[in-house]
Amino acid sequence: MGATTIKPQPEKLEAVVIRFVGDSGDGMQLTGTQFTDTSAMFGNDIATFPNYPAEIRAPQGSLYGVSGYQVHIGSVEVSTPGDAVDLLVAMNPAALKTNLYALKPGHTLIVDIDSFNKKNLEKAEYTSNPLEDGSLDNYRVIEVDMTSLTKEALKDVAGLDTKSISRSKNMFSLGMIYWMYNRSTEYTIDFFNKKFKSKPHIVEANTKVLMAGYYFAETLELIPNSYTISPAKMPSGTYRIIMGNTATAWGFLAAAEKSGLELFLGSYPITPATDILHELVKHKHFGVKAFQAEDEIAGITSAIGAAFAGDLAITTTSGPGLALKGEAIGLAIMTELPLVIVDVQRGGPSTGLPTKTEQSDLLQAMYGRNGESPLIVIAASTPANCFNFAYEAARLALEHMTPVILLTDGYIANGSAPWKIQTVAEMPEIKSNRITEVKEDWHPYDRDEKTLARNWAVPGTPGLEHRIGGLEKDAVTGNISYDPKNHEQMTQIRAEKIERVKFNIPDLETEFANEGDLLVIGWGGTYGSLHSAVKQMNELGHKNIGYAHFNYINPMPKNTEEVLSKFKKILVCELNSGQFASLLKIKYSKFDFYQFNKVQGLPFANEDLIEKFKSLV
Amino acid sequence: METTVEKKYTAKDFTSDQEVRWCPGCDDYVILRTMQKILPEMGVAREDVVFVSGIGCSSRFPYYLDTYGIHSIHGRAPGIASGIKLANPNLSVWIATGDGDAMAIGGNHFIHVLRRNIDLNIILFNNEIYGLTKGQFSPTSLIGQKTKSSPYGNTQPPFSPGELALGAQARFFARVGGGSPKEMGQIFIEAQQFKGTSLIEILQNCVIFNDGCFNHLTDKDVKEDKQIYLEHGKPMIFGKNRDKGLVLKGLKLEVVTIGENGVTQEDLLVHNAKEQDPTLHYMLVRMEYPLATGVIRSFSDVTLEEREDDLTAQVKANSSFTKTDDLFFSGETYEVK
């Protein structure tokens with residue numbers, strides 16, 4: 001049953017930001033993902049961000065139990081989930097109260113008036129009903145008795161309890177939105193059929209409510225017109241919507257297949273990194289060994305063991321876990337084993353803000369270990385390119401025989417976006433340092449002349465038996481050495497080995513302008529916000545603003561100084577108090593760096609960026 | 001599942017070129033020599049043997065064996081060894097650890113590695129003291145023991161490694177004196193043959209910081225009277241004159257003398273190391289007189305690798321995915337022209 005009724009000519013929009021908010025149990029994530037997937041199939045560019053409470057089952061109707069899902073769809077390039085919202089769907093007073101700030105004045109608010117009863121208003125700490133007291137006069141409010149209409153729609157469906165009935169009302173709102181944005185209901189109905197294959201009455205109920213919402217919107221005079229967002233111009237190919245954490249997991253799968261190694265994950269659950277573990281445990285069919293350890297330390301030490309034994313070894317965590325892994329990372333540096341450590345950053349310090357995003361683990365990644373212990377640090381910048389940077393982290397670890405820290409963050413890890421599927425054949429080669437043949441006068445720390453990577457002899461290989469460990473090694477034999485000069489030499493070799501990685505990574509590129517008045521610099525997960533803000537400046541006529549985004553933090557691309565020298569002013573924007581700026585200041589001290597920082601557990605807001613940029617040009 | 005080999009080795013094949021740096025007279029020398037001597041008898045190829053250690057005197061062990069080895073960080077050998085074994089189940093993986101490494105800083109890993117039952121062998125050098133940091137009390141030091149960090153006597157009650165291990169579901173537990181190479185070698189072989197995590201506690205004398213702490217149990221002239229060396233299927237009998245034995249009286253083990261009060265050898269308990277129920281093993285582990293040595297528990301159970309292999313085989317059989325591309329193009333995809 002698809003919708004085929006004739007509609008008035010819809011109004012064309014370039015992009016729209018919709019936020020669905022309701023109680024944790026209201027099914028807002030499902031509503032959001034259905035709208036996202038349907039729009040993706042239609043060809044829109046998309047960015048999404050879920051926002052759910054840390055509590056698993058918060059009390060119904062409470063302010064802290066509000067769960068939300070924001071989706072930004074466009075016929076033009078979309079690189080963030082958007083700041084201000086064009087349409088807010090609020091399923092109860094608490095959801096309205098906590099989200100109204102985001103709705104643009106004059107724009108549309110859809111509410112379920114059935115939920116605006118005395119009890120819910122009190123729970124949301126409203127002293128008067130916002131639907132009646134004039135506080136919503138600046139918005140176009142569409143009041144719908146959604147709960148009653150849902151019940152009415154389902155009165156003839158047998159076998160449904162009250163709970164299932166009230167849980168279906170999210171589909172009523174979805175049906176309305178499908179009509180408003182001129183979307184087909186077909187994809188979602190297919191989804192019901194697949195998901196509830198064995199429960200035909202649930203399929204029937206959801207479909208009925210979805211269509212009831214759709215036809216309700218069509219006949220409702222309160223909605224004067226529908227909108228359409230044409231397909232975006234995107235490179236041709238096969239796409240899917242992917243979440244950052246899934247993309248990270250898949251990048252490792254691809255790297256394992258490409259390198260011919262088995263993938264080993266040692267991990268301990270921690271928000272917001274756990275979804276990588278959830279994803280990789282599914283893939284036993286590819287021989288993935290995913291080991292849920294007793295703690296963060298065993299997560300990484302089991303991975304170090306697997307790396308010693310010849311697997312592509314990774315461990316996944318967030319900030320607090322990275323702190324716990326510090327000593328073991330030092331061991332991987334000392335033993336020069338290939339290992340990837342993924343840190344999906346969240347707000348810190350300590351337990352901090354587990355479900356919020358921040359870029360404040362950068363210096364921990366760089367220096368959070370005893371002794372001088374350099375390693376490679378790279379950062380993904382979009383949900384989709386988590387795939388490429390997970391792959392890249394594995395490639396660099398194997399080619400340079402070193403641990404690599406891959407930084408992502410809660411924002412890109414939980415966000416989703418279209419991913420143009422890359423086949424393993426398209427991915428760059430990975431040349432590991434594995435050796436199997438016994439050579440005369442062989443030592444475990446024999447190095448590749450160019451990269452300084454040591455060779456990788458794994459247990460089970462006859463004739464290459466050797467011992468490694470955390471004690472300092474003799475530069476030649478690899479045996480324990482307490483010699484002062486040797487220690488200094490080894491310290492230099494370990495540093496130089498990482499420095500030379502710059503010859504194996506791409507140069508830094510600038511967008512919008514290669515030279516000019518202002519260079520905006522970002523790194524990691526802020527790409528979407530910064531890219532779109534600089535683009536907007538460019539469209540406003542500021543053609544002398546360039547944008548350089550760093551995915552390679554340590555070492556930095558070899559042309560960094562040249563890029564910096566082409567601009568009069570340099571502004572470093574990051575979601576911390578200036579950690580990347582401090583690295584740039586140490587390394588490129590002849591330049592002055594302006595900073596724009598935010599440490600609120602939230603991404604950059606577009607208008608704040610624009611204001612900052614304007615103040616500098 | 002280690003592959004057995006025909007190749008003949010000698011102790012020399014397993015001896016590395018590194019100078020051994022323990023204190024003269026340390027029991028660690030006995031343990032090392034026993035291991036080097038017994039490895040050729042295990043039927044495992046040298047390249048398939050891996051020794052893993054944490055930090056402490058005992059943790060130097062891997063450097064002295066010409067096998068694969070990794071000397072890691074304090075308390076973390078179980079994690080590293082688990083990763084090695086899961087990465088390559090064909091390897092024979094050994095952990096050398098001490099009382100502090102295993103039960104203080106590494107306590108969490110120690111109990112979990114036993115619980116999981118990965119096919120690893122753990123040699124626990126228990127000297128009831130911290131040696132490498134020069135003489136502080138350890139989690140097995142006795143109450144009242146005077147050490148560098150307890151000058152007026154230790155106030156922290158000790159762990160009994162066997163008791164802790166059985167509580168953590170250890171399937172294989174053995175105990176042996178540091179000066180008993182013959183029994184030790186036999187136990188190493190049994191541990192190697194056992195599929196699952198084997199724990200061997202060695203009462204290891206530290207000549208510098210806790211000299212003689214086990215003398216009352218391990219000295220040649222008292223050993224036979226103070227220890228009972230348990231062997232599966234054999235009666236629990238001990239004593240220089242082989243006239244003492246163990247019986248179960250109510251919920252307690254009791255020492256009896258054969259020939260007294262009508263006791264005959266038939267009345268003695270027969271050791272069943274393979275019994276799943278650990279109750280009697282637990283009593284034996286806790287027993288102070290005589291001290292139980294030998295393989296106290298050896299219950300065959302499914303290993304973690306076996307469970308994982310079975311699951312992997314099932315998943316593979318039911319999956320249509322063979323390459324990652326199959327996954328990437330599965331489910332909801334769409335074309336952009």
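Every chain is numbered from 1, with letters handed out A, B, ... down the list of sequences.
Interface remark: of the candidates A:M41, A:M234, A:M334, A:M41 forms the most heavy-atom pairs closer than 4.5 Å to chain B. The choice from A:V288, A:I300, A:I242, A:I480 that makes the most heavy-atom pairs within less than 4.5 Å of chain B is A:I480.
Nearest heavy-atom pair, A:P235 versus B:V336, reported as atom, atom and distance to 0.1 Å: O-CG1, 3.8 Å. Annotation for B:L91 and A:G460: closest pair CD2-N, 3.9 Å, computed over non-hydrogen atoms. Nearest heavy-atom pair across A:A306 and B:A87 is CA-CB, 3.8 Å. Nearest heavy atoms, B:I73 versus A:A328: CD1-CA, 3.5 Å.
Using a 4.5 Å cut-off between heavy atoms, A:V458 contacts chain B through its backbone alone, with no side-chain atom that close. Of the two parts of A:A40, the backbone and the side chain both hold a non-hydrogen atom closer than 4.5 Å to a non-hydrogen atom of chain B. Looking at A:F42, neither its backbone nor its side chain comes within 4.5 Å of chain B, counting heavy atoms on both sides. Contacts between A:L331 and chain B at a heavy-atom distance below 4.5 Å involve the side chain alone, from C-beta outward. With a 4.5 angstrom heavy-atom cutoff, A:L464 touches chain B via backbone and side-chain atoms both. Using a 4.5 Å cut-off between heavy atoms, B:F329 touches chain A through backbone and side chain atoms alike. In this structure, chain A has no heavy atom under 4.5 Å from any part of B:I111.
Environment of CZ in A:F286: crowded, with over 12 heavy atoms of neighbouring residues, nucleotides or ligands closer than 6.0 Å.
Contact check for B:V52 versus A:F308: no side-chain heavy atoms found under the 4.5 Å cut-off.
Within the model, atoms CG of B:L86 and CZ of A:F264 stand 5.5 Å from one another, a figure rounded to the nearest 0.5 Å. Separating the CD1 atom in B:I118 from the CZ atom in A:F291 is a distance of 5.0 Å, to the nearest 0.5 Å. Between the CG atom in A:L471 and the CD1 atom in B:I55 there is a gap of 6.5 Å [rounded to 0.5 Å].
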Taking 3.5 Å as the threshold, show me the donor-acceptor pairs across chain B and chain A, one per line with distances to 0.1 Å.
unit_1 : atom_1 : unit_2 : atom_2 : d
B:Q18  : NE2    : A:N479 : OD1    : 3.3
B:E47  : N      : A:E465 : OE2    : 3.4
B:E47  : O      : A:G460 : N      : 2.7
B:R60  : NH2    : A:Y482 : OH     : 3.3
B:L65  : O      : A:R467 : NE     : 3.4
B:L65  : O      : A:R467 : NH1    : 3.4
B:D66  : OD1    : A:R467 : NH1    : 2.9
B:D66  : OD1    : A:R467 : NH2    : 3.4
B:T67  : O      : A:R467 : NH1    : 2.7
B:Y68  : OH     : A:V458 : O      : 3.2
B:Y68  : OH     : A:T461 : O      : 2.7
B:Y68  : OH     : A:L464 : O      : 3.3
B:G69  : N      : A:H466 : O      : 3.0
B:G69  : O      : A:I468 : N      : 3.1
B:H71  : N      : A:I468 : O      : 2.8
B:H71  : O      : A:G470 : N      : 3.0
B:A87  : O      : A:K289 : NZ     : 3.2
B:N108 : ND2    : A:D295 : OD2    : 3.1
B:H109 : ND1    : A:E294 : OE2    : 2.9
B:R116 : NH1    : A:E294 : OE1    : 3.0
B:R116 : NH2    : A:E294 : OE1    : 2.7
B:E308 : OE1    : A:K284 : NZ     : 2.5
B:S319 : OG     : A:H285 : ND1    : 3.2
B:T324 : N      : A:E257 : OE1    : 2.8
B:T324 : OG1    : A:E257 : OE1    : 2.9
B:D325 : OD1    : A:V424 : N      : 3.0
B:F328 : O      : A:R240 : NH1    : 2.5
B:S330 : O      : A:R240 : NH1    : 2.6
B:S330 : O      : A:R240 : NH2    : 3.2
B:E332 : OE2    : A:K194 : NZ     : 3.2
B:Y334 : N      : A:Y239 : O      : 2.8
B:Y334 : O      : A:Y239 : N      : 2.7
B:E335 : OE1    : A:T238 : OG1    : 3.2
B:E335 : OE2    : A:T238 : OG1    : 2.9
B:V336 : N      : A:G237 : O      : 2.8
B:V336 : O      : A:G237 : N      : 2.9

